[in-house]
Amino acid sequence: MQQIPDLGKNSLDKPDPWARVRGLAWWQLVLSIMPILLLSVGGPIGGAIGTAGLFANLSLARKPFGTPVKLLAMLGVILASYLGYLLVALAYNLLKG
């Protein structure tokens, strides 16, 4: 059985801040970063929703799914992030009056 390396540490046993993105394909990186673009549009609320989408997509990118399933799931997370932000913004505007 193949042993999975600990991606959270480097050779000096220091935490590796880039461990989550190492080894991903370019398209996985692009799809993972897309939700965080909500930060530029939605401020802190958009940033929080975008960060959740970013970590969800990074998690999906590491799953052993086939490429088409992974692609659709990551696109679904992006869509859910943007729709979630729109719903929060709409609710805020309705409550604000």
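Fair warning: this is a prediction, and the values are worked out from it, not measured in the lab. Along the sequence shown, residues carry numbers from 1.
- Scanning both residues, Pro35 and Gly53, for their nearest heavy atoms gives CG-C, 3.8 Å.
- In the hydrophobic cluster analysis, where Ile, Leu, Val, Met, Phe, Trp and Tyr join through side-chain heavy atoms closer than 4.5 angstrom, Trp18 is grouped together with Leu29.
- Here the straight-line distance linking atom OG of Ser32 with atom CG of Leu54 works out to 6.0 Å at 0.5 Å rounding.
- Between the side chain of Lys70 and the main chain of Lys63, a donor-acceptor pair closer than 3.5 Å is present.
- Side chain of Thr51 to main chain of Gly47: a donor-acceptor pair is present (N/O by atom type, distance under 3.5 Å, no hydrogens or angles).
- Looking at Arg62, its side chain never comes within 3.5 Å of a backbone N or O of Asn57 through a donor-acceptor pair.
- Here Val30 is tied into one hydrophobic group with Trp26, Trp27, Leu31, Met34, Leu37, Leu38, Val41, Ile45, Ile49, Leu60, Phe65, Val69, Leu71, Met74, Leu75, Val77, Ile78, Tyr82, Tyr85, Val88, each link being a pair of ILVMFWY side chains closer than 4.5 Å.
- Connectivity analysis of hydrophobic side chains (ILVMFWY, heavy atoms under 4.5 Å, direct or indirect) links Leu39 to nothing; its cluster partners are none.
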